[in-house]
Amino acid sequence: MAPEMIGLIGAVGGTLLGFLGGVYGTWNSIQQTNGPRERTFVVKLAVLYWIVVPIFVVLVFVLPDPWNYNIWLPYGLWLTSTIRRSALRQQAIREAEARDESLPLTEVK
């Protein structure tokens with residue numbers, strides 16, 4: 001097999017594997033939510049990440065040589081601060097939803 005074909009298979013396979021991992025991770029994150037407000041928040045975050053991350057990847061490949069390296073700093077700062085703030089916000093939503101439950105759920109017999 002030609003080295004170019006091996007590279008193409010690796011590029012397509014790696015991209016497909018990364019995409020499927022992202023879909024599985026998104027689905028799993030949404031399934032692990034505890035209430036409607038938390039689920040809405042996680043879905044909004046997932047949409048945000050599914051828009052921003054591909055834009056970043058395209059910019060890395062499309063921008064000329066000095067700029068494609070410089071895009072990493074703002075992206076890295078944005079990503080780490082967004083992850084931190086969203087984790088704190090999700091925890092606050094989870095605690096607020098737990099406090100709002102006035103009656104425990106009981107089984108109907």
Side-chain angles (χ1 to χ4, degrees):
M1 190 178 295
E4 295 85 15
M5 184 58 85
I6 293 172
L8 182 63
I9 291 171
V12 172
T15 301
L16 183 61
L17 192 62
F19 178 78
L20 291 175
V23 169
Y24 177 73
T26 302
W27 176 79
N28 210 13
S29 294
I30 293 170
Q31 293 299 315
Q32 296 297 320
T33 58
N34 292 334
R37 285 182 282 182
E38 183 182 1
R39 182 175 303 249
T40 302
F41 178 72
V42 170
V43 168
K44 286 179 184 178
L45 274 178
V47 169
L48 175 70
Y49 288 132
W50 275 102
I51 291 170
V52 172
V53 173
I55 289 173
F56 165 73
V57 172
V58 167
L59 287 175
V60 166
F61 284 109
V62 170
L63 289 175
D65 215 7
W67 296 104
N68 62 354
Y69 296 115
N70 294 338
I71 196 90
W72 283 90
L73 180 63
Y75 174 73
L77 294 173
W78 174 83
L79 187 63
T80 54
S81 67
T82 304
I83 290 171
R84 178 71 178 144
R85 284 184 288 126
S86 62
L88 293 173
R89 178 76 176 129
Q90 185 175 1
Q91 184 61 36
I93 291 170
R94 200 173 266 190
E95 291 170 359
E97 283 184 336
R99 281 192 308 269
D100 288 346
E101 293 179 359
S102 56
L103 297 174
L105 297 175
T106 58
E107 292 181 18
V108 178
K109 295 182 184 182

Carefully, step by step, assess Phe61 and Asn68 under the rule side chain to side chain contact (heavy atoms under 4.5 Å, CB included). CA-CA 7 Å; Phe61 284 109; Asn68 62 354; over 6 Å; no
Please check if atom CH2 in Trp78 has more than 12 non-hydrogen atoms from other residues, nucleotides or ligands closer than 6.0 Å. yes
Excluding sequence neighbours, so at least two apart, what forms salt bridge (Lys or Arg N to Asp or Glu O under 4.0 Å) with Arg94?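 If we apply the salt bridge (Lys or Arg N to Asp or Glu O under 4.0 Å) test to Arg94, skipping adjacent residues, the hits are Glu38.
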Looking at Ile30, Thr26, Thr33, which one forms a side-chain contact (heavy atoms from CB on, under 4.5 Å) with Val43? Ile30
Does any non-hydrogen side-chain atom of [Y] lie less than 4.5 Å from one of [X]?
X: Leu88; Y: Gln91; value: no
X: Pro74; Y: Phe56; value: no
X: Trp67; Y: Leu59; value: no
X: Thr40; Y: Lys44; value: yes
X: Trp72; Y: Val60; value: yes

Same cluster for Ile6 and Ile9 if Ile/Leu/Val/Met/Phe/Trp/Tyr side chains link at under 4.5 Å?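 The answer is yes; both residues are in one hydrophobic cluster.
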Are Ile51 and Val57 joined in one hydrophobic group, where the rule is that I, L, V, M, F, W and Y side chains link up if heavy atoms are under 4.5 Å apart?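 Same cluster.
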Roughly how far, to the nearest 0.5 Å, is the [atom2] atom of [Y] from the [atom1] atom of [X]?
X: Arg39; Y: Arg37; atom1: CZ; atom2: CZ; value: 14.0 Å
X: Leu45; Y: Arg89; atom1: CG; atom2: CZ; value: 10.5 Å
X: Thr80; Y: Arg85; atom1: OG1; atom2: CZ; value: 9.5 Å

For the backbone of Phe41 and the side chain of Gln90, can you confirm whether one donor and one acceptor N or O come within less than 3.5 Å of each other? no
Quick one: do Tyr69 and Leu63 satisfy side chain to side chain contact (heavy atoms under 4.5 Å, CB included)? Show the steps, please. CA-CA 9 Å; Tyr69 296 115; Leu63 289 175; over 6 Å; no
To check you understand the geometry: which heavy-atom pair defines the closest contact between Ile83 and Ser86, and what is its length?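 For Ile83 versus Ser86, the nearest heavy atoms are O-OG, 3.0 Å.
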Considering only residues two or more places apart or on different chains, which pairs with a residue in residues 12-34 satisfy ring pair (Phe, Tyr, Trp, His ring centres under 6.0 Å)?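 Counting only pairs at least two positions apart or across chains, the ring pair (Phe, Tyr, Trp, His ring centres under 6.0 Å) contacts touching residues 12-34 are Phe19-Trp50.
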